[in-house]
2 protein chains.
Amino acid sequence: MSDAGWRPVRRTRTFEEVLAQIEERIEADGLAPGDRLPGERRLAEQLQVSRASVREAMRVLETLGVVSSTVGRGPDAGAVLTARPGSALTDLLRLHLRLSSLSMRDIIDTRLMVERWSAEHAARHPDRHGAELAAMERALERMERPGLPPEEFVEDDTAFHLAIVQASGNRLLTAVMQALRDSVRRYAVEAIVRLGDTAILRRDHRRIFEAIKAGDTAEAGRAVADHLVHAYPELFGGSPSSSAPHGACPLDEEPGR
Amino acid sequence: MSDAGWRPVRRTRTFEEVLAQIEERIEADGLAPGDRLPGERRLAEQLQVSRASVREAMRVLETLGVVSSTVGRGPDAGAVLTARPGSALTDLLRLHLRLSSLSMRDIIDTRLMVERWSAEHAARHPDRHGAELAAMERALERMERPGLPPEEFVEDDTAFHLAIVQASGNRLLTAVMQALRDSVRRYAVEAIVRLGDTAILRRDHRRIFEAIKAGDTAEAGRAVADHLVHAYPELFGGSPSSSAPHGACPLDEEPGR
DNA sequence: CTGTGGGGTATGGTCTGACCATATTGTGGT
DNA sequence: ACCACAATATGGTCAGACCATACCCCACAG
């Protein structure tokens, strides 16, 4: 018999089976956010497993952002399908960051690409994005408040940039960017403090906003790019890719600019 | 006293405390992928909690892709820091898909943006990406095998496109795209079957590969865009954004082209 | 010397049954 | 009508046991 071509038998732990069946039920019964799952004891009985196994499955579902558990009695207690599937992504990205598998350069490059793309999209049909434009303007005004602490500035800055992505209508990108901003909030505050003055950033924001509102796609893209360079000058210093082994010269480019 | 402004005290479950302490230890001790965590019994004893609580924490860490548990004895058994933090992202995205909060259009738009950007990056310095180019060529050859079942074609196709993103050097994008491809594998197979013939796709792949190798950034970007249109014609049909309420006309664009 | 078989043991996986804290619901008394 | 209190259902936690697995090591046979 051949020695290769074998693979170890897939050991299926019971909590994984429980997990799968719960997911199936959610899908089959068409459960929506806010709906309740059966209690742990009941699930354990029906699946004929121990409550501990059910609990491990619930922990996974909770980590994945599918359910949220509350104690007590009543129609809203127990495991409830949650409506905020994004926070799981946040936890993931935050962990990746802590375990230093990602660099700041990667994150800013990604932001540049996504937000530029989104801004161009938004600028193509500014009339369709009244809500997002309003959100952007609100954030703009909040950022003008004198004596604003860095933490709050970052908050409004996040709202502004998220509105851009939201205007693209792409929910995948919106979810990822939301999680990304949440994950790096601390670093963003540090960057603002290091920068000292937010005047340039606020001017950039206005420029982006006006470009989108005016439907000037090219200008909107350029404005986003310039803005990120101003916000993270240390990443775009004259030295060509000082710490980046390959790739990442995200500005000297854009084919046909 | 004011009635508002209060929020319920944050009940900290013990497994969350365990989780936090484990994360701290990983960071403080500088543990790297491959290193072992103490056994569940030992952790429970040192933290003075029950083994069940430790297990729930481990389940979360496993879901987050931080550790991977194996039974048995020996230096490689137990909870080991995993080197593949991507699988957690895969689970998340797959779940989001099942709960239908994401549309195929969003995914393809994202692919288009990311892979175009990556291809342009790679084409800018083709000499630095020998490894990725080799991987792409290998995938190209595998896809030429006659009588290839759709599943295997998708496998090689994924390898090809992933190599493009890898060549960008951006680990965040690489992780996200890897997870995305894994999440939609089933749909990709269906798309291939629906298409019937892969000749056009294979020709597109060659075109992308040659453009990157030749350092033709503009052509590389165009080739990627054309390829995705060929692969998902139903999304880019002549009807202007038939099912997309706003945004997403990802081709009639590229500012200053 | 080799190697081969088997026992010892540490690991995660699972189960049972209990108790606690919390929050709603029902009920009885005022 | 209102309020106090018991009943109850929920998740959270614990202790202790047993199982299957996989490695380690040593005695024993070749």
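Convention: sequence-line order gives letters A, B, ...; per-chain numbering from 1. Scope of the values below: all heavy atoms of this structure, side chains included, with no hydrogens, waters or symmetry mates. Because the structure is predicted, anything quoted here is derived from the model rather than measured.
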Please list, chain by chain and in numerical order, all residues satisfying side-chain hydrogen bond (donor to acceptor under 3.5 Å, both in side chains) with [X], sequence neighbours excluded.
| X | value |
| --- | --- |
| A/Arg138 | none |
| B/Glu40 | B/Arg51, B/Arg55 |
| A/Arg194 | A/Glu234 |
| A/Thr174 | none |

*Can you tell me how far C1' of D/dA22 sits from CZ of B/Arg36, to the nearest Å?*
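Distance, rounded to whole Å: 12 Å.
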*Would you kindly give the CD-to-P distance between B/Glu16 and D/dG12, to the nearest whole Å?*
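About 9 Å, once rounded to whole Å.
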*Angle between terminal axes - the helix from C/dC1-D/dG30 to C/dT30-D/dA1, 5 pairs each end, rounded to 10°*: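 What I find for the helix from C/dC1-D/dG30 to C/dT30-D/dA1 is an axis angle of 10°.
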*Could you list where the contact with chain B starts and ends along DNA chain C, reading 5' to 3', using a 4.0 Å heavy-atom cut-off?*
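Listed 5' to 3', the contact boundaries are C/dG8 to C/dT14.
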*Any ring-ring contact (aromatic ring centres under 6.0 Å, His included) involving residues 157-179 of chain A? Give me the pairs, sequence neighbours left out, ordered by first then second residue.*
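Listed by first then second residue: A/Phe160-A/His205, A/His161-A/His205, A/His161-A/His227.
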Could I get the full list of salt bridge (charged side-chain N to carboxylate O under 4.0 Å, His left out) partners for [X], not counting sequence neighbours?
| X | answer |
| --- | --- |
| A/Arg186 | A/Glu190 |
| A/Glu17 | none |
| B/Glu151 | none |

*Nearest-nucleotide wise, let me know which of A/Ala52 and A/Gly72 is further upstream toward the 5' end of DNA chain C.*
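The answer here is A/Ala52.
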All N/O contacts under 3.5 Å from nucleotides 3-5 of chain D to the protein, with atom names and distances to one decimal?
none

_Closest non-hydrogen atom pair, A/Val80 against A/Ala77_ =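 So the two residues come closest at CG2-O, 4.3 Å.
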*Taking the nucleotide of DNA chain D with the closest heavy atom to each, which residue, B/Val71 or A/Ala77, is nearer the 5' end?*
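Per heavy-atom nearest nucleotide, the more 5' residue is A/Ala77.
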*Let me know, please, whether A/Arg73 or A/Arg41 comes out on the 5' side of the other along DNA chain D by nearest nucleotide.*
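Here A/Arg73 is the residue nearer the 5' end.
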_Measuring from atom CG of B/Leu173 to atom CZ of B/Arg171, what distance do you get when rounded to the nearest 0.5 angstrom?_
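If I round to the nearest 0.5 Å, the distance is 12.5 Å.
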*Decide whether B/Asn170 and A/Thr110 meet the rule of one side-chain donor and one side-chain acceptor closer than 3.5 Å.*
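A donor-acceptor contact under 3.5 Å links the two side chains.
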*Can we say B/Arg59 and B/Glu62 salt-bridge, meaning some charged N sits less than 4.0 Å from an Asp/Glu carboxylate O?*
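Yes.
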*Salt-bridge test for A/Arg145 and A/Glu152: reply yes if a basic N is under 4.0 Å from a carboxylate O, no otherwise.*
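Looking at A/Glu152 together with A/Arg145, the answer is yes, because their closest N to O distance falls below 4.0 Å.
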*Give me the residues of residues 42-51 of chain A where at least one heavy atom lies under 4.0 Å from an atom of DNA chain C, by number, or none.*
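Under 4.0 Å from DNA chain C: A/Val49, A/Ser50, A/Arg51.
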